[in-house]
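A short write-up of the structure that comes next.
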Number of protein chains: 2
Amino acid sequence: MTEKYIFVTHSEENYLKVIYHLSSASPKGVNTNAIAAMMDTKASSVTDMIKKLAEKEMVLYQKYQGVSLTEQGLLAAKMIVRKHRLWEVFLVEKLDFSWDEVHDVAEELEHIKSEKLINKLDAFLNFPSEDPHGDPIPNQYGEIQKTDKQLLSEATVGKNYICVGVKDSSSAFLQYLNKQKIALGTPMKILEKETFDQTLLVEIEGEDKVLSHKIASNLYIN
Amino acid sequence: MTEKYIFVTHSEENYLKVIYHLSSASPKGVNTNAIAAMMDTKASSVTDMIKKLAEKEMVLYQKYQGVSLTEQGLLAAKMIVRKHRLWEVFLVEKLDFSWDEVHDVAEELEHIKSEKLINKLDAFLNFPSEDPHGDPIPNQYGEIQKTDKQLLSEATVGKNYICVGVKDSSSAFLQYLNKQKIALGTPMKILEKETFDQTLLVEIEGEDKVLSHKIASNLYIN
DNA sequence: TTTATTTTTTAGTCTAATCTAAAAATATTT
DNA sequence: AAATATTTTTAGATTAGACTAAAAAATAAA
Ligand SMILES: [Mn+2]
Ligand SMILES: [Mn+2]
Ligand SMILES: [Mn+2]
Ligand SMILES: [Mn+2]
């Protein structure tokens with residue numbers, strides 16, 4: 001059961017993470033093109049890299065049939081996600097970064113290779129279960145605590161909810177939310193839903209606000 | 001005066017740092033071989049890299065005449081040292097790392113590219129002036145506070161001193177110091193110096209200890 | 001001041017990670 | 001079921017950073 005240690009490069013880690021994120025949407029096999037789009041690279045580069053990852057037994061790969069993570073690859077991917085999200089918590093909680101500023105720095109920090117560092121950081125942050133965008137943080141064994149949440153676009157008119165996460169965590173979207181005074185924990189009541197374009201009228205902190213379907217389908221509530 | 005931003009790679013940063021550290025010993029020009037030894041690489045690789053750094057105006061380079069940092073290169077090098085040392089402080093002060101465990105992780109963390117991150121970290125740590133090995137931390141403008149200290153090997157017999165730093169910060173040496181209960185701030189009195197091999201007899205925390213010349217010439221005192 | 005030694009540079013090769021262009025396989029329409 | 005379109009893979013090229021071996025320059029010794 002003692003697994004041999006396989007070195008994974010910075011670039012390989014990025015591929016693993018992207019395959020992991022795409023896996024939930026297409027569990028039987030992730031497409032080359034989908035990976036290429038997500039990584040902002042070309043399909044031919046993806047094919048090359050997939051072969052390398054298959055060689056290292058991080059993914060299962062059949063030509064033309066898409067790619068999926070092995071148990072080993074899944075754990076590696078979860079550890080990168082764990083690091084990314086823990087660093088995001090650190091940046092917000094300890095260094096006073098705002099939630100729209102942390103992603104790019106975390107993209108770099110997630111590649112620092114030290115298990116001790118990340119476990120000590122976890123403890124220093126008091127073992128947070130979620131990152132600043134409401135995404136769950138895997139523990140050191142890769143276990144993820146499932147929380148139930150739904151998209152605001154699926155909410156019931158008349159009910160009260162609390163904002164618990166964002167689907168899109170681009171700084172553009174987050175800055176829009178800042179402007180609208182929407183943050184994690186913000187309570188909101190759904191007043192109306194326009195049948196024509198699904199625009200919502202929502203009461204937030206005493207104010208009535210109009211939120212487009214695009215916005216509503218990127219906000220998680222509970 | 002607005003300098004154009006020049007991207008410096010991970011590898012280039014390591015070279016700049018090494019050239020910086022070697023510059024104090026040979027201010028007129030650092031040798032190719034010295035860099036190669038420090039970087040654990042070959043002289044031919046160093047020549048290639050020096051050309052690239054000269055292209056980017058980070059170093060001055062004349063064939064066969066050694067290399068020196070430009071103003072720009074000096075500032076870049078100091079910023080890497082700043083990051084390295086601030087991260088070391090973070091690891092020791094906040095994450096409970098021991099001083100012999102921080103160097104390798106800091107070698108990775110020093111390459112994270114975010115001025116905001118490093119200045120926020122500096123503030124979070126209360127603007128420390130020294131790292132866990134007693135080395136000064138450059139401020140955000142690259143200014144370094146000079147402290148006067150001397151090597152234990154140059155100490156006067158009969159006098160009292162305090163340990164203020166290490167010249168060699170390898171974990172092997174630091175672990176030796178741990179074993180001898182020598183840390184930054186430890187007081188010591190020089191009892192005797194053997195003329196034959198310069199071995200010292202030193203009183204530390206009530207105990208008499210024998211320190212070889214090699215040890216003494218890697219410990220800074222004040 | 002020649003000769004020998006050491007240092008540094010050049011020339012050519014290698015690998016990782018990318019790209020473009022073209023071929024092959026798969027999927028979608030008629 | 002053919003024809004067409006899309007996706008994926010291959011082939012070949014490029015760049016950064018490293019290497020070895022050999023040539024050139026600088027330094028030290030005789
Ligand atoms: Mn993120
Ligand atoms: Mn996040
Ligand atoms: Mn260090
Ligand atoms: Mn240090």
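Every chain is numbered from 1, with letters handed out A, B, ... down the list of sequences.
Atom CG of A/Leu53 is separated from atom CG of A/Asp48 by 11.0 Å, given to the nearest 0.5 angstrom. Rounding to the nearest 0.5 Å gives a distance of 8.0 Å between NZ of A/Lys193 and CG of A/Leu152. Here the straight-line distance linking atom CG of A/Asn31 with atom OH of A/Tyr64 works out to 14.0 Å at 0.5 Å rounding. With rounding to the nearest 0.5 angstrom, the CD1 atom of A/Ile118 is 9.5 Å from the CE atom of A/Met79.
Atom P of nucleotide C/dT18 and atom CG of A/Leu53 are separated by 11 Å, given to the nearest angstrom. Nucleotide D/dG12 holds its P atom 14 Å from the CG atom of A/Asp48, rounded to whole Å. Rounded to an integer number of Å, the gap from CG of A/Asp40 to C1' of C/dT18 is 13 Å. We find that CG of B/Asn14 is positioned 12 Å from C1' of D/dG17, with the value rounded to whole Å. Rounded to whole Å, the distance from CD on B/Glu55 to P on D/dT15 is 14 Å. One atom, CD1 of B/Ile35, and another, P of C/dT8, lie 9 Å apart when rounded to the nearest Å. When the P atom of C/dT15 is taken as reference, atom CZ of A/Phe7 falls 17 Å away, rounded to whole Å.
Residue B/Ser45 places at least one side-chain N or O closer than 4.0 Å to OP1 or OP2 of D/dC19. Using a 4.0 Å cut-off, some side-chain N or O of B/Lys52 falls inside it from OP1 or OP2 of D/dG17. Dashed line: the shortest gap from a side-chain N or O of A/Thr41 to OP1 or OP2 of C/dC19 is under 4.0 Å. Between B/Lys51 and the phosphate of C/dT9, there is no side-chain N or O to OP1/OP2 separation shorter than 4.0 Å. Considering only side-chain N and O atoms, B/Lys42 lies under 4.0 angstrom from the phosphate OP1 or OP2 of D/dT20. Within the 4.0 Å cut-off from OP1 or OP2 of D/dT6, not a single side-chain nitrogen or oxygen of A/Asn33 is found. Contact between the side-chain N/O atoms of B/Thr9 and the OP1/OP2 oxygens of D/dG17 is found at a separation under 4.0 Å.
Backbone-only contact: B/Asn31 has heavy atoms under 4.0 Å from sugar-phosphate atoms and none from a base.
A 4.5 Å side-chain heavy-atom check between A/Tyr15 and A/Lys52 finds every atom pair outside the cut-off. You'll find the side chain of A/Asn14 reaches within 4.5 Å of the side chain of A/His111, heavy atoms only.
Side-chain contact annotation: A/Trp99 with A/Asn178, donor-acceptor N/O pair under 3.5 Å present.
Within a 6.0 Å radius of NZ in B/Lys167, no more than 12 heavy atoms belonging to other residues, nucleotides or ligands are found.
With hydrogens and angles left out, the side chain of B/Thr47 and the base of C/dT10 share no donor-acceptor pair within 3.5 Å. Checked by distance alone, B/Ser44 brings a side-chain donor or acceptor within 3.5 Å of a matching partner on the base of D/dT20.
Listed candidates were C/dT18, C/dT9, D/dT9. Nearest to the side chain of B/Tyr61 is C/dT9.
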Practice task
Applying side chain to side chain contact (heavy atoms under 4.5 Å, CB included), run through B/Val102 and B/His133 and close with a yes or a no.
Solution key: CA-CA 10 Å; B/Val102 296; B/His133 312 106; 3.7 Å; yes
What N/O pairs connect the protein and nucleotides 24-28 of chain D at under 3.5 Å? Give each pair on its own line.
| residue | atom | partner | partner atom | Å |
| --- | --- | --- | --- | --- |
| D/dA25 | O4' | B/Tyr64 | OH | 3.4 |

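Secondary-structure annotation of DNA chain C gives the stems C:1-30 with D:1-30, with a stem taken as at least 3 successive Watson-Crick or G-U pairs whose two distances both fall under 3.5 Å.
Each of A/His10 and B/Val46 was assigned the nucleotide of DNA chain C with the nearest heavy atom; the assignment lying further toward the 5' end belongs to B/Val46. Annotation: of the two residues near DNA chain C, A/Met39 and B/Gly66, the 5′-most nearest-nucleotide partner is B/Gly66.
Heavy atoms only, all atoms of each residue included: A/Asn139 and A/Tyr141 are closest at OD1-N, 2.8 Å.
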